[in-house]
Protein chains: 2
Amino acid sequence: MTAEADRDTVAEVLSALADPTRRRILDALAAHGEATATVLAGELPVSRQAIVKHLAVLDRAGLVAAHRAGREARYVVRPARLSVTARWMDRVAADWDSRLSAIKRLAEDASDA
Amino acid sequence: MTAEADRDTVAEVLSALADPTRRRILDALAAHGEATATVLAGELPVSRQAIVKHLAVLDRAGLVAAHRAGREARYVVRPARLSVTARWMDRVAADWDSRLSAIKRLAEDASDA
DNA sequence: GAGCAGTGCAACCATCGAGTTGCACGTTGG
DNA sequence: CCAACGTGCAACTCGATGGTTGCACTGCTC
């Protein structure tokens, strides 16, 4: 995956995870291993339709995958994109850290002079 | 930091990072090491006031810190919360992974029987 | 084959938030 | 000292989106 694709992935994952209801859906989904929108709607305080929309967002972000079993649409969590985003975040944090220590070094050198 | 505080932190960081403009602000800020809202507004295609609001959000999320120098308010990035969120994400991804392999094992056992 | 689950689609509403503009206040430098 | 610069606060607009309800369709089951 290229760096640009990574950036897009990260953007989608972040905005998908920004919503509390979607995080709860992912929690419930992970707990079940596999579940339908109707089942999830039974556990969360929102309508089935709301769940369906959220699942669509999560699907676009690659955080869940769907497969049909007869008349049911079963969803599963997908960890890959989450790992990508976690790594991105770690890289950014490390980058900030090194920049900050560079600044600090400069400041100390200046006060030495 | 307790697990609950972590969850709150993560929620705030995620919704702060969900906005593309805020990510660009953080980028620019990291590049400068230290910058004022006015400077940032000069580099990004939004007004100073928009930057100010975003910086307030980022400050609440603990991703930046401000200090006054005369009539200026200088901002700096703060990596800590970002690392916390990255670790949280990694834990969740690992959790999903183990749940998925547990399911898979069950499925294989079932087909063996 | 009739009826019931379960899904999918569409229209609609309300709220939230990103962005703008205008103005008043403190700070600094000629 | 006053003029200009930078900041902070408030009011307003507007699009995105989370949520709802209603209905049509499809597949299971008796």
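Within every chain, numbering begins at 1; the chains are lettered A, B, ... in the order of the sequence lines, protein sequences first and strands thereafter.
Listed pair A:Ser47 / D:dG19 fails the phosphate criterion, with no side-chain N or O lying under 4.0 Å from OP1 or OP2. A close approach under 4.0 Å does occur between a side-chain nitrogen or oxygen of B:Thr21 and OP1 or OP2 of C:dG19. At least one side-chain nitrogen or oxygen of A:His54 sits closer than 4.0 Å to the OP1 or OP2 atom of D:dG19.
Ion pairing of B:Arg23 with B:Asp27 is absent here, as no side-chain N (NZ or NE/NH1/NH2) approaches a carboxylate O to less than 4.0 Å. By the 4.0 Å N-to-carboxylate-O rule, A:Arg91 lies too far from A:Asp95 to be salt-bridged with it.
Here D:dG6 presents its P atom at 16 Å from CG of B:Leu55, a figure rounded to the nearest Å. Between the P atom of D:dG8 and the CD1 atom of B:Ile51 lies a distance of 13 Å, rounded to the nearest Å. In this structure, B:Arg22 places its CZ atom 8 Å from P of C:dG19, rounding to the nearest Å. Across the protein-nucleic acid pair, B:Arg23 atom CZ and C:dA18 atom C1' stand 14 Å apart, rounded to whole Å. Taking atom CZ of residue A:Arg24 and atom P of nucleotide D:dG18, one finds them 15 Å apart after rounding to whole Å. If you measure from atom CZ of A:Arg60 to atom P of D:dA16, you get 14 Å, rounded to the nearest angstrom. One atom, CD of B:Gln49, and another, P of D:dT13, lie 18 Å apart when rounded to the nearest Å.
Looking at B:His54 and B:Thr21, their side chains come closer than 4.5 Å, going by heavy atoms from C-beta outward. Annotation: side chain of B:Arg24 is in contact with side chain of B:Pro45 (closest heavy-atom distance under 4.5 Å). Looking at heavy atoms from C-beta onward, A:Leu55 lies in side-chain contact with A:Leu40 at the 4.5 angstrom threshold.
With hydrogens and angles ignored, no donor-acceptor pair closer than 3.5 Å exists between the side chain of B:Lys53 and the base of C:dG17.
Considering only side-chain atoms of A:Ala50, the nucleotide from C:dT21, D:dG19, D:dT21 that sits closest is D:dG19.
Annotation: proximity of residues 68-76 of chain B to DNA chain C (heavy atom, distance under 4.0 Å) is found for B:Gly70, B:Arg71, numbered in ascending order.
Here the straight-line distance linking atom CZ of A:Arg99 with atom CD of B:Glu34 works out to 14.5 Å at 0.5 Å rounding. Separating the NE2 atom in A:His67 from the OH atom in A:Tyr75 is a distance of 11.0 Å, to the nearest 0.5 Å.
Closest-nucleotide positions on DNA chain D for A:Arg48 and A:Ser15 were compared, and the one nearer the 5' end corresponds to A:Ser15.
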Item to check | Secondary structure string for DNA chain D (Watson-Crick or G-U under 3.5 angstrom, | for other-strand pairs) | outcome: ||||||||||||||||||||||||||||||
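Just one residue in the list B:Leu26, B:Val76, B:Ile25 forms a side-chain contact (heavy atoms from CB on, under 4.5 Å) with B:Val64, and that residue is B:Leu26.
In terms of hydrophobic clustering, with Ile, Leu, Val, Met, Phe, Trp and Tyr side chains grouped at heavy-atom distances under 4.5 Å, A:Leu58 and A:Leu44 are assigned to a common cluster.
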